[in-house]
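Keep in mind the model is a prediction, meaning the values are calculated, not measured. Letters A, B, ... mirror the listed sequences (proteins, then strands); counts begin at 1.
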Amino acid sequence: MAKVTLPDGKTREYPDGTTVLQVAESIGKKLAKDAVIGVVNEKPVDLFFKVTGDVKLKIVTRQQPESLDHLRHTCAHIMAQAVLRLFPNTKLAIGPPIEDGFYYDMDPEKPFTPEDIEKIDAEMQKVLASNFPCERFELPRTEAIERCRKEKQDYKVEMLGEWTDEKVSFYTQGDFTDLCRGPHLPSTGAVPAVKVLKATGAYWRGDEKNKMLQRLYGTAWWSKEDLEKYLHRIEEAKKRDHRKLGKELDLFSIHEEIGGGLVHWHPRGSMIRHVMEQEWYADHVKRGYLLVNTPHIASEEIYRISGHLEAYKELMFGSMLIEERPFRVKPMNCPGHIMIYKSKLHSYRELPMRLAEFGTVYRFEKSGVLHGMLRVRGFTIDDAHIFVTPQSVEKEIIEVFNFAVEWLGKFGFKDLAIYLSTRPEKSVGATSDWEKTEAALRNALVNAGVKFQVDEGGGAFYGPKIDVKVRDSLGREWQCSTVQFDFNLPSSGRFDLSFVGEDGNRQQPYMVHRALMGSVERFFAVLTEHYGGAFPAWLSPTQATVIPIADSHIEYAHSVAAQLRGAGFRVDVDARNERTGHKIREATLLKTPYMLVVGEKEVAAKQVAVRERSGKDLGVMDVARFRELLGEEVRAKK
RNA sequence: GCUGGCGUAGCUCAGCUGGCAGAGCACCUCCUUGGUAAGGAGGAGGUCGUGGGUUCAAAUCCCAUCGCCAGCUCCA
């Protein structure tokens, strides 16, 4: 007899050899219908797994999110089956589930074309319709290698050669058998909705020294509706692509003639940036930061001292000789801020000393990774370096962390993910320093009472860090704020920083690098996609457009605009020889928050007819009333 | 960088079994003075990314090159 303990602690008995599915059936019809896989003694198993002896059993149903992984994993195999039917000489590598879908890396004779993708998708649907049962069998590893070698599945042979398991499992579904740990859905017909999306290149094992394989991506869901919803979400993300919106809304451009990854901010984009910068400066002054500015190139020597030349070389632009002395375009702002700190002797009373700058830096990124404003070669960091006594470093880190949370909140980012990143492989400094500072950051987070995850090995080469990622309106995560500890640059081997302590002796300060937005370009791209281009009034480059109905109303339109500009608002007049509907359409497409239509009636009554970009009509009101309304919205950053 | 796809007017794109380079929007001129998402007419605008080749003839076919786009962490 098998004694089965269920998650609620209840125990049931079955004859040995009863399958997980049969157990589910004995509990309830619905459970059996929704069952996807079982978990026996913490190990995922197929529904036809036979239970014997004392076991703990959990049944994973479609309602549980992890069931999607198993669905998608099964789909990866079905996709491979479809590919082998169409292209029999394809060699298979690996096919895991990923967020929202799955992929299978394979090595076909010829790369897949878009038409192939459609064929593969159609073939997959046939496999689903055939409803092949997915059957598991095991082989000793050596026999498995033999089998895969015969089938010329070189990648499987390579993987099998590296494993140490005595036995490995295969799954067969119809005319297709593949090495797989499982578990799988019971049959190919159990897949309700699946679609092959695209093919791209991917290196075998992600290593560029290895052969480039073809990676086929697909997505799968428990219902057609979920699949549709997902495809719709992809469409929505495409519509919000900052590169597309950047063009449509005339925000920025990148020019081949000038170079990839170098951003030109157009007047409308630049206005948004300007508003953000003004807010940033004001907030920093409020919090006791000191504003500085530093040069864009520096003698190579400074980067030798800082260690960048050594640890960061491949990301720095080449050397240029100026009067026989080598210079570099700056990849970092820290050395400049450090030189300002070092320009005189400091007392412990002055610390923490917080030097802040919108520092533009240039880093050599490989051409293939450039991506609109998200990944560029020249960008501006909203940078600050804080020189602090060892005693108050933890307090200061909490302070910075709170600042970051407040700042991101202004842009509607309330859902934050916090990461503590520890020592990477390529790093400088003593182990004891790393341990001490990692503990300081950890304490700061614990004391601030926030939940965080640890990213092992994700730190900068000079110290551990705290990263803050925001979740945008489409649920995607973006890295923004960073608080990085640095015990390297202040050290005697580097810049040898000091302050005079209470006892009159020189001591070494700690240093914290921090950025709230990270790269202004990147943050701007994230914001554009987050808002879908409909920037809130406080950020919008044009806050209102005055639309005169006919030429005779132009003069009044200008006087309305002048009044509003006088109150500090950004207002345009659309005096073109076009119909009202045309002007409204264009202002709406530019996502201007308000349109103020003025015609004969408004001129006579000294009023404006207010329309929101959503199309909502707010009616006719005095200019002063609109000024209040917009003023309130801007102040509240709604 | 690597693999695949794509480069045609300022923008979005059609043309690509080789045979006179197109549309819509935007721009300019004129008409129209119109009340809430495109008023009408006309005009100007491109050595089809660049270089080479095949051909009587190349936007179209071939080669090279540059740029853009997707992907290159997720281990059966």
At less than 4.0 Å, is any side-chain N or O atom of [X] found next to OP1 or OP2 of [N]? Yes or no.
{"X": "R181(A)", "N": "A76(B)", "value": "yes"}
{"X": "R215(A)", "N": "A70(B)", "value": "no"}
{"X": "H553(A)", "N": "G35(B)", "value": "no"}
{"X": "K247(A)", "N": "U12(B)", "value": "yes"}

With a 3.5 Å cut-off and heavy atoms only, can you find an N or O donor on one side and an acceptor on the other between the side chain of E602(A) and the base of G35(B)?
yes
Within the structure shown, what part of the strands sits under 4.0 Å from [X] by heavy-atom distance: base, sugar-phosphate, or nothing?
{"X": "G260(A)", "answer": "sugar-phosphate"}
{"X": "R579(A)", "answer": "base"}
{"X": "K601(A)", "answer": "base"}

Write down the partner of A23(B) under the Watson-Crick or G-U wobble criteria, each distance required to be under 3.5 Å.
U12(B)
Please give the nucleotide sitting opposite C6(B) as a Watson-Crick or G-U wobble pair, both distances under 3.5 Å, or none.
G67(B)
May I ask you to say whether R471(A) pairs ionically with E477(A), meaning some side-chain N is under 4.0 Å from a carboxylate O?
yes
For A37(B) versus A44(B), give the span between their P atoms, rounded off to a whole number of Å.
34 Å
Every protein N/O lying under 3.5 Å from an N/O of nucleotides 23-25 of chain B:
none

